[in-house]
Amino acid sequence: LMVLIGDSLRKAAMLTAGSNFNHIVQNEKSNTHILVTSGVYSWFRHPSYVGWFYWSIGTQVLLCNPICIVGYTIASWRFFRERIEEEEYTLIHLFGQQYLDYKQKVQTGLPFIRGFKV
């Protein structure tokens, strides 16, 4: 169930964001770049990361691999904590108050990760 929900959430995030989705954090705003806050982005600020996080842990639950369940949880959590802080710093720079307002209304979706502290 974790694998299916995680994978579906990640794909929904990519489809919802469309051309605004990129695997590399963008430092410059293009003319067509918009802040996506609808669909799964109204549930979580980082739905793609949430999906990947639970998908990766779910794969190890499915394989009944307790050591890797712990390892994947820790490694994924650390990666996304740093990635979200970096990405949110950039989003605040690109979208300003619009992103700050969104950040106040919508959680990151990952346990104990609040994002960039302003």
Side-chain angles (χ1 to χ4, degrees):
L1 190 59
M2 287 175 72
V3 172
L4 293 174
I5 291 172
D7 190 49
S8 297
L9 182 57
R10 182 162 170 80
K11 287 178 178 163
M14 295 167 101
L15 290 171
T16 302
S19 65
N20 294 289
F21 187 91
N22 197 310
H23 292 282
I24 300 169
V25 175
Q26 301 298 295
N27 294 317
E28 295 180 18
K29 185 177 172 185
S30 71
N31 293 336
T32 60
H33 199 177
I34 62 166
L35 179 62
V36 179
T37 60
S38 61
V40 293
Y41 287 87
S42 67
W43 304 342
F44 308 116
R45 290 196 313 264
H46 302 282
S48 176
Y49 299 161
V50 174
W52 195 92
F53 179 78
Y54 287 107
W55 172 85
S56 69
I57 297 167
T59 60
Q60 299 313 300
V61 171
L62 188 65
L63 294 171
C64 300
N65 192 340
I67 294 170
C68 285
I69 290 169
V70 173
Y72 276 50
T73 301
I74 293 168
S76 296
W77 187 87
R78 285 182 174 173
F79 173 79
F80 287 123
R81 182 192 61 203
E82 290 177 18
R83 174 75 176 227
I84 286 171
E85 286 183 9
E86 174 190 350
E87 186 171 318
E88 289 196 340
Y89 175 81
T90 302
L91 288 166
I92 291 166
H93 174 72
L94 297 178
F95 293 101
Q97 192 61 46
Q98 183 185 9
Y99 188 77
L100 291 171
D101 292 344
Y102 172 63
K103 187 178 182 311
Q104 282 192 324
K105 293 179 202 165
V106 181
Q107 64 180 339
T108 65
L110 292 167
F112 308 108
I113 298 177
R114 294 184 183 222
F116 184 77
K117 294 173 181 72
V118 181

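It should be emphasised that the depicted structure is a prediction, and the values quoted were computed from it without experimental measurement.
- Minimum heavy-atom separation, G109 to Y54: O-CE1, 4.4 Å.
- A search for side chain to side chain donor-acceptor pair (under 3.5 Å) contacts involving T59 returns nothing, not counting sequence neighbours.
- If you chain together hydrophobic residues whose side chains sit under 4.5 Å apart, I5 and V3 never meet in one group.
- Expressed to the nearest 0.5 Å, how far CD1 of I67 lies from CD of Q60 amounts to 11.0 Å.
- Around CG of L63, the count of heavy atoms belonging to other residues, nucleotides or ligands within 6.0 Å exceeds 12.
- When the side chains of ILVMFWY residues are joined at heavy-atom separations under 4.5 Å, either directly or via intervening members, F116 and L91 end up in a single hydrophobic cluster.
- Partners of K29 according to the salt bridge (charged side-chain N to carboxylate O under 4.0 Å, His left out) rule, which considers only residues two or more places apart in sequence or in another chain, do not exist here.
- Shown here are the side-chain contact (heavy atoms from CB on, under 4.5 Å) partners of S19, two or more places apart in sequence or in another chain: there are none.
- A single hydrophobic cluster is not seen to contain both L62 and W52; linkage of ILVMFWY side chains at heavy-atom distances under 4.5 Å, directly or through other members, places them apart.
- Taken to the nearest 0.5 Å, the CE atom of M14 stands 9.5 Å off from the CG atom of N22.
- Every residue two or more places apart in sequence or in another chain was checked for a side chain to side chain donor-acceptor pair (under 3.5 Å) with N20, and none qualifies.
- At least one side-chain heavy atom of E87 sits less than 4.5 Å from a side-chain heavy atom of R83.
- Put simply, L15 and V36 are part of two different groups of oily side chains (I, L, V, M, F, W, Y) that touch within less than 4.5 Å, one to the next.
- Contact of the M2 side chain with the W55 side chain is not registered, since no non-hydrogen atoms from C-beta on lie closer than 4.5 Å.
- With sequence neighbours excluded, no residue forms a ring-ring contact (aromatic ring centres under 6.0 Å, His included) with F79.
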For residues 92-100, tabulate all N or O donor-acceptor pairs below 3.5 Å that involve a side-chain atom, not counting sequence neighbours.
| unit_1 | atom_1 | unit_2 | atom_2 | d |
| --- | --- | --- | --- | --- |
| Q97 | NE2 | D101 | OD1 | 2.7 |
| Y99 | OH | E88 | OE2 | 2.8 |

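- Other members of the cluster containing V70 are I74, with ILVMFWY side chains joined at under 4.5 Å, either directly or via other members.
- Separating the CH2 atom in W77 from the CD1 atom in I113 is a distance of 5.5 Å, to the nearest 0.5 Å.
- Among residues two or more places apart in sequence or in another chain, the side-chain contact (heavy atoms from CB on, under 4.5 Å) test is passed with T37 by L35, Y102.
- Using a 4.5 Å cut-off on side-chain heavy atoms (C-beta onward), F44 and V40 make no contact.
- Formation of a donor-acceptor pair under 3.5 Å by the S76 side chain with backbone atoms of T73 is not found in this model.
- V106 and W43 fall within the same hydrophobic cluster, defined by Ile, Leu, Val, Met, Phe, Trp and Tyr side-chain heavy atoms under 4.5 Å apart, directly or through other members.
- With hydrogens and angles disregarded, a donor-acceptor distance shorter than 3.5 Å links the side chain of Y41 to the backbone of A13.
- Remark: Y49 engages H46, F80 in a ring-ring contact (aromatic ring centres under 6.0 Å, His included) (not counting sequence neighbours).
- Legend: salt bridge (charged side-chain N to carboxylate O under 4.0 Å, His left out) pairs involving residues 5-14, not counting sequence neighbours, sorted by first then second residue: D7-K11.
- Residue pairs meeting the side-chain hydrogen bond (donor to acceptor under 3.5 Å, both in side chains) criterion with at least one partner in residues 108-118, sequence neighbours excluded, do not occur; the list is empty.
- In this structure T16 satisfies the side chain to side chain donor-acceptor pair (under 3.5 Å) test with no other residue, sequence neighbours excluded.
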